[in-house]
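Letters go in sequence order (proteins before strands), and every chain restarts at 1.
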Number of protein chains: 2
Amino acid sequence: MDLNSEGVKANGRRDRETGTLGKLVALLDLVALADGPMRFTDILSLSDQPRGTLHRQLSHLVEEGLLEVDRDGRYLIGLRLLTLASRSWARNEFRAIAEPHLQRLHDVTCETVHLGVLHGAEVIYLDKVEGRQSVRMYSQIGNASPTYCTGIGKAALSALDDTELATRIAGLEFHPYTGQTLHNAGELLSDISEIRRRGYAFDLEEHESGICCVAAPIRSDDGHMLAGVSVTGPAYRVTPQSLQAWAPLVVAAAQSIMMDMRNRMGPKR
Amino acid sequence: MDLNSEGVKANGRRDRETGTLGKLVALLDLVALADGPMRFTDILSLSDQPRGTLHRQLSHLVEEGLLEVDRDGRYLIGLRLLTLASRSWARNEFRAIAEPHLQRLHDVTCETVHLGVLHGAEVIYLDKVEGRQSVRMYSQIGNASPTYCTGIGKAALSALDDTELATRIAGLEFHPYTGQTLHNAGELLSDISEIRRRGYAFDLEEHESGICCVAAPIRSDDGHMLAGVSVTGPAYRVTPQSLQAWAPLVVAAAQSIMMDMRNRMGPKR
DNA sequence: AAATATTGTTCCACATAATGGAACTTTGTA
DNA sequence: TACAAAGTTCCATTATGTGGAACAATATTT
């Protein structure tokens with residue numbers, strides 16, 4: 001999970017030096033990011049491939065199950081990916097180690113608990129434990145969100161040293177998801193210095209209005225992996241005071257996870 | 001989701017006519033199916049590629065985020081797949097339509113409810129609604145299981161006509177997961193004829209000992225998609241009698257889902 | 001209904017990217 | 001330290017992907 005080796009530009013966009021594979025994955029991304037099934041021509045206008053080429057590429061992706069074609073001939077992301085991903089998830093050691101801690105945190109707070117890892121300039125949600133009281137929140141597992149507007153993202157960033165922090169947030173574009181979203185690197189940096197001071201981060205409707213959370217950072221001993229835990233709830237139920245009250249619990253959970261990692265992943269190497 | 005076009009052999013293994021992509025996906029599969037992170041040499045011995053070639057293929061997969069390298073230099077499935085898969089899942093129309101029905105079925109039975117689709121000779125679990133009482137069952141979403149030993153699988157098969165049924169189960173290998181697993185095509189066919197008669201399927205510890213379920217088939221109007229719903233629970237708590245009692249509810253849920261599909265997906269085409 | 005435009009599919013000479021053997025570097029082990 | 005095993009790089013050869021154009025199948029318009 002060590003990103004930012006070379007080949008990753010400041011804006012997070014990668015150089016595609018991977019020949020055929022790069023082009024095909026770009027297509028997968030294109031279809032995955034679309035709002036719905038795409039027709040051949042839609043894809044044609046967005047990818048800048050010639051018709052013949054695109055046609056063959058799509059056929060290959062379909063043949064491998066990475067894309068599917070619906071009855072109207074439109075393309076959508078295939079279920080094969082779900083199967084591959086489920087194994088990735090099930091075998092993820094970090095997730096497995098964290099799970100009981102998340103569960104415990106949920107038992108105490110009775111609100112949704114998330115686990116996410118820092119991946120370039122994004123947070124990828126690895127797990128969640130959710131209560132029955134809530135209307136099932138749109139599932140977050142696997143979802144990638146910007147660092148600057150999520151509790152886990154900001155918490156994870158706060159655990160970086162200044163130089164790495166600078167490279168990570170260089171070239172970030174600050175999209176205003178809500179009225180509370182931070183606007184620029186300056187605001188982010190000052191929030192982060194406060195997060196460092198107190199040891200935990202808040203997200204007060206900065207990503208999704210009506211949703212707030214408190215999060216704490218997790219870092220592996222070697223510093224290669226950065227992650228975070230959070231407790232999230234709807235603003236009408238969760239006040240800044242209750243977030244404040246949960247903060248020590250979240251920090252404690254993060255620390256227990258780090259301890260467990262040291263014990264179970266440390267010995268190797 | 002219409003499989004068994006040409007290119008799929010009886011044993012379920014595909015011809016790889018997809019050149020470079022095929023080889024790379026085969027590698028992904030290889031790593032995904034392994035029990036844990038694999039070293040270069042492990043992969044080398046399983047794939048029959050020359051060292052240089054394999055090395056570049058792996059590098060490309062890593063660069064695209066489909067694989068990752070841990071701190072010991074071992075390869076494992078990358079998180080990028082999780083992100084792609086989460087979109088696939090979130091945008092899946094069938095899943096979205098079924099969701100409220102699964103929720104309702106869970107509210108009545110208080111046991112775990114699953115939704116799965118038939119994909120070749122396997123069932124892929126698309127969704128689940130699970131109670132808080134159970135120790136969190138190993139997450140099934142995205143998991144692919146054989147048809148012949150799962151309630152949903154057998155239910156879905158029962159909705160096929162005889163000729164298609166025959167081609168689907170031709171060449172199946174019957175692995176005895178538990179003492180109750182069906183042993184051969186004959187046993188499967190006779191179970192299926194009973195399922196057709198009564199309209200729902202049982203899985204009495206045939207896949208995992210201690211776990212049983214009752215399932216009903218779902219088929220799209222055009223017959224292109226086959227799926228199923230099930231209610232699952234641990235054998236110590238769920239008796240054959242309770243499964244029997246739930247059967248009408250499961251069948252009703254399956255029918256409501258089909259009605260909803262007709263209303264919401266039908267009009268097109 | 002015929003004409004036209006749009007969309008989707010196939011083909012093949014050509015260019016590009018993958019191949020695989022060998023040389024080389026690094027890491028682990030006796 | 002010496003040796004073996006694992007991992008990485010290089011480059012001439014060859015397989016594979018490319019993209020333009022011609023073709024086929026649908027929509028859309030007149």
Side-chain angles (χ1 to χ4, degrees), chain A residues 2 5-7 14-31 34 36-76 78 222 224 266-269, chain B residues 2 5-7 14-31 34 36-64 66-76 78 222 224 267-269:
Chain A
D2 187 27
S5 43
E6 97 285 285
R14 282 151 178 273
D15 280 333
R16 300 232 173 262
E17 297 288 355
T18 50
T20 308
L21 179 63
K23 294 167 198 161
L24 293 176
V25 174
L27 267 185
L28 270 188
D29 257 340
L30 204 155
V31 176
M38 299 179 86
R39 285 181 324 179
F40 181 81
T41 318
D42 303 333
I43 304 177
L44 182 60
S45 63
L46 289 172
S47 78
D48 46 359
Q49 305 277 25
R51 298 152 69 98
T53 303
L54 181 64
H55 189 265
R56 184 184 30 74
Q57 289 171 335
L58 290 173
S59 307
H60 282 182
L61 288 170
V62 169
E63 194 167 336
E64 289 297 337
L66 303 181
L67 289 183
E68 279 173 19
V69 184
D70 71 9
R71 54 191 172 162
D72 300 326
R74 294 174 307 180
Y75 293 88
L76 36 84
D222 52 19
H224 269 14
K268 306 171 195 166
R269 163 163 300 280
Chain B
D2 187 28
S5 43
E6 97 284 287
R14 284 155 175 270
D15 281 333
R16 299 235 175 258
E17 298 287 355
T18 50
T20 307
L21 179 64
K23 293 167 198 161
L24 292 176
V25 174
L27 269 184
L28 271 187
D29 257 340
L30 205 156
V31 176
M38 299 181 85
R39 284 181 323 178
F40 182 81
T41 319
D42 303 333
I43 304 177
L44 183 61
S45 63
L46 288 172
S47 77
D48 46 1
Q49 306 277 25
R51 297 151 66 104
T53 302
L54 180 64
H55 188 265
R56 182 184 32 74
Q57 290 171 335
L58 291 173
S59 307
H60 282 182
L61 288 170
V62 169
E63 193 167 337
E64 289 296 337
L66 303 180
L67 289 182
E68 278 171 22
V69 184
D70 70 9
R71 53 191 172 163
D72 301 326
R74 294 174 308 182
Y75 293 88
L76 36 84
D222 52 18
H224 268 14
K268 307 170 195 169
R269 163 164 299 281

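- When distances run from any side-chain atom of K23(B) to the nucleotides dT8(D), dT16(D), dT18(D), the shortest one goes to dT16(D).
- At a threshold of 4.5 Å between non-hydrogen side-chain atoms, the residues Y75(B) and D42(B) do not count as touching.
- If you take CG of D48(A) and P of dT18(D), they are 12 Å apart, rounded to a whole angstrom.
- Listed nucleotides: dG8(C), dT19(C), dT18(D). Nearest to the side chain of Q57(A): dT18(D).
- Nearest to the side-chain atoms of R56(A) among the listed nucleotides dT18(D), dA17(C), dG8(C) stands dT18(D).
- Between the P atom of dG20(C) and the CG atom of L44(B) lies a distance of 12 Å, rounded to the nearest Å.
- As a whole-Å value, the separation of H60(A) NE2 from dT9(C) P is 14 Å.
- In this structure, CG of L58(B) is placed 15 Å from C1' of dT9(D), rounded to the nearest angstrom.
- With hydrogens and angles disregarded, no donor-acceptor distance shorter than 3.5 Å links the side chain of D72(A) to the backbone of R74(A).
- Contacts of T53(B) with the nucleic acid, taken as non-hydrogen atoms under 4.0 Å apart, include base atoms.
- Atom CG in L54(A) sits about 10 Å away from atom P in dT18(D), given to the nearest Å.
- Atom CD of Q49(B) and atom P of dG21(C) are 11 Å apart (whole Å).
- If you take CG of D72(A) and P of dT26(D), they are 14 Å apart, rounded to a whole angstrom.
- The line from CD1 of I43(B) to CG of L67(B) is 7.0 Å long, rounded to the nearest 0.5 Å.
- Contact annotation: H55(B) reaches the phosphate of dT8(D) (side-chain N/O to OP1 or OP2, under 4.0 Å).
- Between R51(B) atom CZ and dA5(D) atom P there is a gap of 11 Å when expressed in whole angstrom units.
- Taking CG from L21(A) and NE2 from H60(B), the interatomic distance works out to 7.5 Å, rounded to the nearest 0.5 Å.
- Among the nucleotides dT18(D), dT19(C), dT8(D), the one closest to the side chain of Y75(B) is dT8(D).
- Comparing dG8(C), dT18(D), dG7(D) against the side chain of T41(B) picks out dG7(D) as the nearest.
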Show me the side-chain donor-acceptor pairs of residues 51-59 of chain B shorter than 3.5 Å, one per line, residues at least two apart or across chains.
unit_1: S59(B); atom_1: OG; unit_2: H55(B); atom_2: O; d: 2.7

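- The side chain of T20(A) lies closest to dG17(D) when the candidates are dT19(C), dG17(D), dG7(D).
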